[in-house]
Amino acid sequence: MATKYDRVYNYNAGPAAVPLEVLEKVNEQWFNFQGAGMNVMEMSHRSKEFDKIHNDTIDRVKQLLNLGDDFHVLLVQGGASTQFAMIPMNFLGEGDVADYINTGTWSTKAIKEAKLFGDVNVAYEGKDVDFMHLPTQDELKFTDGARYVHLTSNNTIKGTQFRTFPNTNGVPMVMDMSSDIMSHPMDCSPFGMIYAGAQKNLGPSGVTLVILRKDFAATANEAVTSMLKYQTHIDKNSLYNTPPTFSIYLMGEVLQWIMDNGGLEGMEARNQKKADMLYGFFNEYPDYFKCPVEEASRSYMNVCFRLPSEDLEGKMIAEATRNGFIGMKGHRSVGGLRISMYNATSPESIEAVIAFMKDFMTKNG
Ligand SMILES: *Cc1c(COP(=O)(O)O)cnc(C)c1O
C-alpha cells in the first residue's frame with residue numbers, strides 16, 4: 001500500500017484512529033520524554049514532569065471548549081459506562097426525577113442505571129422509530145423540577161447526531177459526548193455536565209473526560225463512595241489515586257494536535273467536508289447506497305449505510321478489508337456498513353474509500 005508505514009485506512013468506531021502526527025511525536029519521545037530519562041508511563045504520577053502533562057491536558061480542554069472558571073475538568077476511569085451510574089448516584093435521590101432523551105443503545109443503558117437511584121422520565125422515546133430520528137423541541141416532554149436532562153449527542157451505533165441542543169428552560173443538561181466531543185465549537189454554558197470516553201475523538205481508551213459546572217456539582221449527594229464521588233476528584237484535581245497516566249499524556253497530545261489544526265472550528269470544517277463528500281456520494285447513487293437515518297439527524301462522525309443485499313454487504317466488507325479499508329462493518333445490533341470518521345480521519349481517507357466503493361459498485365452492479 002502507498003500509505004506511510006503501510007498504515008491502513010481505519011474506520012474503527014472505537015478505539016479508533018489517532019492522528020499520525022501524534023503517534024510520530026509519541027514515538028520520538030518513547031524512551032526519554034523531554035530529558036526525564038524515561039517513558040511517560042514509567043513516571044510517578046506525583047512527579048513534576050507528570051504534573052505538567054496532567055495540567056496541560058486539563059488546560060487544553062478548557063481552552064478548546066472556552067470553559068471559564070465556572071467549570072471543573074476531571075479525568076477519571078471506568079469509561080462512559082461508569083458515568084451512566086455515577087451521574088444518578090451523585091445527582092439523583094429518593095423523590096428526585098431526571099429526564100432522559102432516549103436516542104439509542106447508549107442512552108438506553110444510561111436510563112437503566114439511573115432507574116436504580118431515582119425516578120426516570122423518558123422525555124423522548126426513539127425506539128418506536130428505530131432511533132432513525134432525533135427529537136425536535138416540540139417532541140420533548142420535560143418534567144417540571146427535573147434534576148437534570150440527560151442526552152447522548154452522537155449515537156455511535158445508529159449514526160445520528162445532535163449538533164444543536166434542546167432548550168431545557170434552565171434545567172442543567174448532562175450529555176454523553178463520547179463519540180463527538182471536540183468535533184465542533186459549542187456553548188457549554190447550558191450543560192451541568194459533559195462526559196466522554198477518550199477512545200473515539202480524544203485518543204486512547206482508559207481515560208474519561210468529565211466537565212462539571214461548579215454550581216451543578218455543588219448540588220451533588222453527600223453519601224457516595226469515594227472513587228465514585230465527583231467531589232473526591234474535584235478536591236484532588238483528578239489525582240486522588242493513580243490516574244491512567246499514559247492515556248492522559250496521549251489525550252493531551254491529541255488536544256494539542258486539534259489546536260495546531262484550527263481548533264474546534266478547524267475540526268468542524270474538516271468533519272463537514274468529509275460528511276459532504278460521503279453523504280454526497282451516497283446521494284448520487286441512491287439505488288445502490290441507502291442511508292436509513294433521516295437526513296436532518298445524520299451524524300458526521302458515524303455514517304451508517306446499506307447495500308442492495310446482505311450478500312453484497314458481506315462482499316464489500318471482505319474486499320474492503322483486503323484492500324486496507326478496516327472497520328467498515330456495522331455494529332452487530334444493526335448490520336449493514338458503517339464508516340466512523342472522527343477528527344483524526346483525513347478527507348484523503350474518505351476520498352480513497354469513495355473511490356474503492358465506486359469501483360466495487362461498478363463491478364457488482
Ligand atoms: C462508546 C460509547 C460509550 C461507551 O464507552 P465506554 O468507554 O466503553 O464505557 C458510551 N456512549 C457513547 C455515545 C459511546 O459512543
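Keep in mind it's a predicted model, so treat the numbers as computed, not measured. Computation of the quantities below employed the complete heavy-atom set of this structure, encompassing side-chain atoms and omitting hydrogens, waters and symmetry-equivalent molecules. Sequence positions, counted from 1, serve as the residue numbers for this chain.
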Within this structure, what is the [atom1]-[atom2] distance for the pair [X] and [Y], rounded to the nearest 0.5 Å?
| X | Y | atom1 | atom2 | result |
| --- | --- | --- | --- | --- |
| R270 | M341 | CZ | CE | 11.0 Å |
| N283 | E295 | CG | CD | 5.5 Å |
| K109 | I111 | NZ | CD1 | 13.0 Å |
| E253 | E21 | CD | CD | 12.0 Å |
| N55 | N237 | CG | CG | 5.0 Å |
| M328 | N12 | CE | CG | 11.5 Å |

Report the C-alpha separation of Q272 and D276 in whole Å, then their side-chain angles, then the decisive distance to 0.1 Å, and conclude whether the side chain to side chain donor-acceptor pair (under 3.5 Å) test is met. CA-CA 6 Å; Q272 191 67 58; D276 288 347; 3.1 Å; yes
Can you tell if the side chain of [X] reaches within under 4.5 Å of the side chain of [Y], non-hydrogen atoms only?
| X | Y | result |
| --- | --- | --- |
| M193 | M175 | no |
| F142 | T168 | yes |
| F325 | V8 | no |
| Y124 | K141 | no |
| I211 | H72 | no |
| H233 | L239 | no |
| K274 | Y300 | no |
| E222 | K229 | yes |

Answer yes if [X] and [Y] sit in the same cluster of Ile, Leu, Val, Met, Phe, Trp and Tyr residues linked by side chain heavy atoms under 4.5 Å apart, and no otherwise.
| X | Y | result |
| --- | --- | --- |
| V210 | M182 | no |
| L74 | L250 | no |
| L312 | Y285 | yes |
| L67 | V254 | yes |

Donor-acceptor contact present, side-chain [X] to main-chain [Y], <3.5 Å:
| X | Y | value |
| --- | --- | --- |
| R147 | F91 | yes |
| N39 | E42 | no |
| D99 | T143 | yes |
| T321 | I317 | yes |
| S178 | A196 | no |

Just checking [X]: does its [atom1] atom have more than 12 heavy atoms from other residues, nucleotides or ligands closer to it than 6.0 angstrom?
| X | atom1 | answer |
| --- | --- | --- |
| E94 | CD | no |
| R332 | CZ | no |
| D144 | CG | no |
| E139 | CD | yes |
| K127 | NZ | no |
| K329 | NZ | no |

Which atom pairs, donor and acceptor, lie under 3.5 Å between side-chain atoms of residues 149-159 and protein residues at least two apart or in another chain?
residue : atom : partner : partner atom : Å
H150    : NE2  : Y195    : OH           : 2.7
T152    : OG1  : S107    : OG           : 2.7
S153    : OG   : D176    : O            : 3.2
S153    : OG   : D180    : OD1          : 2.6
N154    : OD1  : S299    : OG           : 2.7
N154    : ND2  : S179    : OG           : 2.8
N154    : ND2  : N302    : OD1          : 2.7
N155    : OD1  : T103    : OG1          : 2.9
N155    : ND2  : T103    : OG1          : 3.3
N155    : ND2  : T160    : OG1          : 2.9
T156    : OG1  : S179    : OG           : 2.8
K158    : NZ   : D130    : OD1          : 2.9

Nearest heavy-atom neighbours spanning [X] and [Y]:
| X | Y | result |
| --- | --- | --- |
| S247 | S205 | OG-O, 2.9 Å |
| A114 | V120 | CB-CG2, 3.6 Å |
| Y288 | G365 | CE1-CA, 4.3 Å |
| A344 | W257 | CA-CH2, 4.2 Å |
| S349 | T345 | OG-CG2, 3.7 Å |
| R7 | L23 | NH1-CD1, 3.5 Å |

Assess, by modelled atom type and distance only, whether the side chains of [X] and [Y] contain a donor and an acceptor separated by less than 3.5 Å.
| X | Y | value |
| --- | --- | --- |
| T136 | D138 | yes |
| Y5 | E24 | yes |
| Q256 | D260 | yes |
| Q231 | D235 | yes |
| N261 | N343 | no |
| N201 | S183 | no |
| N221 | N90 | no |
| N364 | K315 | yes |
| Y9 | T3 | no |

Among W30, F33, F50, find the one that has a ring pair (Phe, Tyr, Trp, His ring centres under 6.0 Å) with Y249.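 Among the candidates, only F33 passes.
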Of the options F216, F165, F71, Y148, which is the one that meets F191 in a ring pair (Phe, Tyr, Trp, His ring centres under 6.0 Å)?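 For F191, the ring pair (Phe, Tyr, Trp, His ring centres under 6.0 Å) check succeeds only for F165.
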On the six-membered ring of W106, is K200 placed so that its NZ or CZ lies under 6.0 angstrom from the centre and within 45° of the ring axis?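 Pair K200/W106 counts as cation-pi.
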Apply the test side-chain contact (heavy atoms from CB on, under 4.5 Å) to residues M316 and M357: give CA-CA distance (whole Å), side-chain angles for both, the deciding distance (0.1 Å), then the verdict. CA-CA 8 Å; M316 179 181 274; M357 289 191 290; 3.8 Å; yes
Qualifying residue, where the test is salt bridge (Lys or Arg N to Asp or Glu O under 4.0 Å) with E313 and the options are R338, R306, K290: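 Going through R338, R306, K290 one by one, the salt bridge (Lys or Arg N to Asp or Glu O under 4.0 Å) with E313 is satisfied by R306 alone.
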Test log, rule side-chain contact (heavy atoms from CB on, under 4.5 Å), inputs L264 and L65: CA-CA 8 Å; L264 300 193; L65 285 168; 3.7 Å; yes
Carefully, step by step, assess T208 and T82 under the rule side-chain contact (heavy atoms from CB on, under 4.5 Å). CA-CA 9 Å; T208 308; T82 300; over 6 Å; no
side-chain contact (heavy atoms from CB on, under 4.5 Å), that's the test. Do R60 and M259 meet it? Break it down for me. CA-CA 8 Å; R60 287 169 198 161; M259 289 175 154; 3.8 Å; yes
